[in-house]
Each structure stands twice: as C-alpha cells, then as structure tokens.
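All remarks here apply to the structure that follows.
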Protein chains: 2
Amino acid sequence: MPRSQLHRLGDLQLRIMQVLWQRGEATVAEVHAALGARPRFAYTTIATMLRKMEARGLVRHRAQGRAFVYRAAVAERQVSRGMAEHVLDRLFAGSLSTMVSHLLTAREVSAEELAELERLIQERKRISRKETHIKKGDARHEPDSSRLD
Amino acid sequence: MPRSQLHRLGDLQLRIMQVLWQRGEATVAEVHAALGARPRFAYTTIATMLRKMEARGLVRHRAQGRAFVYRAAVAERQVSRGMAEHVLDRLFAGSLSTMVSHLLTAREVSAEELAELERLIQERKRISRKETHIKKGDARHEPDSSRLD
DNA sequence: ACGATAGTACTACTACGGTAATATGTCAAA
DNA sequence: TTTGACATATTACCGTAGTAGTACTATCGT
C-alpha cells in the first residue's frame, strides 16, 4: 500500500476510518452502528466500502468467527497530513499563512483557538531558532513516528 | 450554480481554474498551453474538461470567432475556502489550531511564514477584542466580497 | 475552389466513490 | 432438523474526474 494518493478519501471512507482510528478495531456491524442515522446506510454499503478500502490498502481485517474485524492500515496522521498538505499545496501554493488567512476570515475562531495558535507559533519559532543556531540548513527534525504496527 | 459541493474539484479542474483565475479569460488553446508539458494533455482533454466544468457551473464561455473564451464562474476564494474548510471540518473537527499543529510538524516553515502567521493572529485577536467590546455575539464581519461579475 | 488548419461536438472508456439489492453460506435456537 | 439471523460475496448501477479519439465544421491561405 503505497503512501501515494493518500489524500483521495471520500467522506464516507473518512468517516469509516475515523471509527476505526477511534476504536482500534471494529466489525462491520460496529462501524455501521457507529455511523448511526443521518443518513442511514445499508449494512451492505459499509461492508462493501470496507472491502473496497481493503483493496486500496486503507484497512485490513482478520476473521473472528464468521465476522470480520477491521482495523486501519494507515495512521490518522498520515491521512490528515496528506489531505491537509494536498489542499495547502494545490490551493495556497504551500503557504501556510495564506491558508490560515483565508480560514481566519472565513469563519469564527474562538479566543481559545487564537491563543492556542499563538502558542504553537511561539513554540515553533523557538525550535526554529535553536535549529538555526546549531546548524544552518540540513534541519532534520520530524522523526516520522507515523507508522502503524 | 449552487455553492454546494464546491470542494469537490479534481486536480486537473483545479489547475484549469487557476489558469482562468490568473488570466481572467482564456481560450481552450491558451489553457492548454498554460498547462504545458509534464504531463502533456491532449488538446481535446482540456476542451472536454472545460465543457464538463461549464455543465457543473464552474466556468462560462463566450464565442469569439470560432473559438470559445472561457472564464471562471466561481471566485477563487469560494473554492479555496470550500476546500480548506472541508478538510478542516472533516479531518480536524473544525479546529484550526489542530490543523496548523499538524502542518507545522509536517513540513518546513520559513521564519517569514511564522512571522506572517503571528501577525495574522495578532490582527485577528485585535478584531475579536473590539467586536466583543461592542457587542457580544451577533458578530457580522466578512462582507462577502467573494462574488464574481 | 479547395485543402489544411483549427475549432467544437460527440462518443467512449477507465477508475473510483457511493449505494445497495441479491445470493450464498453458516451457526444457533426451537 | 429446519429455520431464521447474521455474515460475507457477488453483482449492479449512478455520478463524475480524467483522458482522448474521431467526427464534423468553419475559416483562411493559396
């Protein structure tokens, strides 16, 4: 399952993945129940999606009696980053500030959110400063702890 | 052309839209040329896409001699916001700070970007403070200047 | 007048997300 | 032991992005 194309997830697939990420494992019935009403999916819809998703390498399953227990085969971080970066690159030319600017004017943001954003940026500035002091360029952070298994 | 589903744009459609946003107007040949090599699309591929996109209300055209001159029918801001908000809501539960946190650890961000982010947040805090003082709730900013025509 | 060129229109096909009905198999209870 | 509940497997259909060949048409240069 190549990490490529990890940003192409439809809404339903995403919701299913979220159930699996949350629970670790889940049978078709459990996923189906977790998705609940609004709209009410047919049981077989979920089963079919899960099989298609397994073919794409997004999930895996093991048999437990008659039932299949599914689990995610890709980490939430990978998907989140993949999709976020895709939008960032395709729509905002990779400029995080441009994207944030759009989102700040497009929706309500609570004071807590703003404070948290500020904290993140200060934190990042601190790290950047330190790295720049130690060595210029060749910054090798992010130990890629985004593996599963 | 309903604003709904404005976040479902494939990569090629997006690239075509970007050409139109940049130039205001463009013939099929111009779009095709602007997309250039890597990969080299067939001329008819672009023409077909443009026709499909017109059917979806993304672009419009007028005839100029034999040729069609296309222009965007939706503003870049609408699409950018639509797609960014979609990812934000679906993947990060609407939390901007969570998304930024992911992106900050996922990629390099220049000092200038960080400074700009900081500026944006300060700016936004200032506005929020003012609004809160004037009235609590019922904040009616964003004059929605995202129309085209 | 005529053929080359440059347009659009039509048609077709693959891939995939979404959606689900139907078929088939299996286990357990009556 | 038959039946019903529950499970997966198979099949099918729609929409749409992507990709492009082929057909038709208008115009321009000679």
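Residue numbers start from 1 in every chain, and the chains themselves are labelled A, B, ... in the order their sequence lines are given, proteins ahead of strands.
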Roughly how many Å is it from [atom1] in [X] to [atom2] in [N], rounded to a whole number?
X: His32(A); N: dA7(D); atom1: NE2; atom2: C1'; value: 14 Å
X: Arg56(A); N: dC16(C); atom1: CZ; atom2: C1'; value: 8 Å
X: Ile16(B); N: dA17(D); atom1: CD1; atom2: P; value: 11 Å
X: Phe68(B); N: dA6(C); atom1: CZ; atom2: P; value: 18 Å
X: Arg90(B); N: dG17(C); atom1: CZ; atom2: C1'; value: 14 Å
X: Met49(A); N: dA9(D); atom1: CE; atom2: P; value: 16 Å
X: Lys52(A); N: dT19(C); atom1: NZ; atom2: P; value: 11 Å
X: Gln13(A); N: dG18(C); atom1: CD; atom2: C1'; value: 9 Å

* Let me know, please, whether Arg8(B) or Val69(B) comes out on the 5' side of the other along DNA chain C by nearest nucleotide. =>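 Nearest-nucleotide comparison on DNA chain C picks Val69(B).
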* **Val28(B) vs Ile46(A), nearer the 5' end of DNA chain C by closest nucleotide** =>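 Whichever sits nearer the 5' end wins; that is Val28(B).
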* **From Glu118(B), Glu112(B), Glu113(B), residue fulfilling salt bridge (Lys or Arg N to Asp or Glu O under 4.0 Å) relative to Lys125(A)** =>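 Result: among Glu118(B), Glu112(B), Glu113(B), Glu118(B) is the only option passing the salt bridge (Lys or Arg N to Asp or Glu O under 4.0 Å) with Lys125(A).
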* Identify whether any heavy atom of Ala47(B) sits under 4.0 Å from a base atom; if not, whether one sits that close to sugar-phosphate; answer base, sugar-phosphate or nothing. =>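 No contact.
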* Touch class at under 4.0 angstrom, heavy-atom based, for Thr48(A) against every strand present ->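 Base contact - Thr48(A) has a heavy atom under 4.0 Å of at least one base atom.
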OP1 or OP2 of [N] less than 4.0 angstrom from a side-chain nitrogen or oxygen of [X], does that happen here?
X: Arg66(B); N: dT5(C); value: no
X: Arg51(A); N: dA9(D); value: yes
X: Tyr43(B); N: dT8(C); value: yes
X: Thr45(A); N: dA20(C); value: yes

* At what distance, to the nearest 0.5 angstrom, does CE of Met53(A) lie from CD1 of Ile46(A)? ->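 The CE atom of Met53(A) sits 9.5 Å away from the CD1 atom of Ile46(A).
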* **Donor-acceptor pair, side chain of Glu54(B) and main chain of His61(B), under 3.5 angstrom** =>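 Yes, Glu54(B) side chain to His61(B) backbone: donor-acceptor pair under 3.5 Å.
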* Say whether Gln18(B) and Glu76(B), considering side chains only, have a donor N or O and an acceptor N or O under 3.5 Å apart. =>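 Looking only at side-chain atoms, Glu76(B) and Gln18(B) do not form any donor-acceptor pair under 3.5 Å.
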* Asked: With no hydrogens and no angle check, do the side chains of His7(B) and Glu85(B) hold a donor and an acceptor under 3.5 Å apart?
  ->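 Short answer, no.
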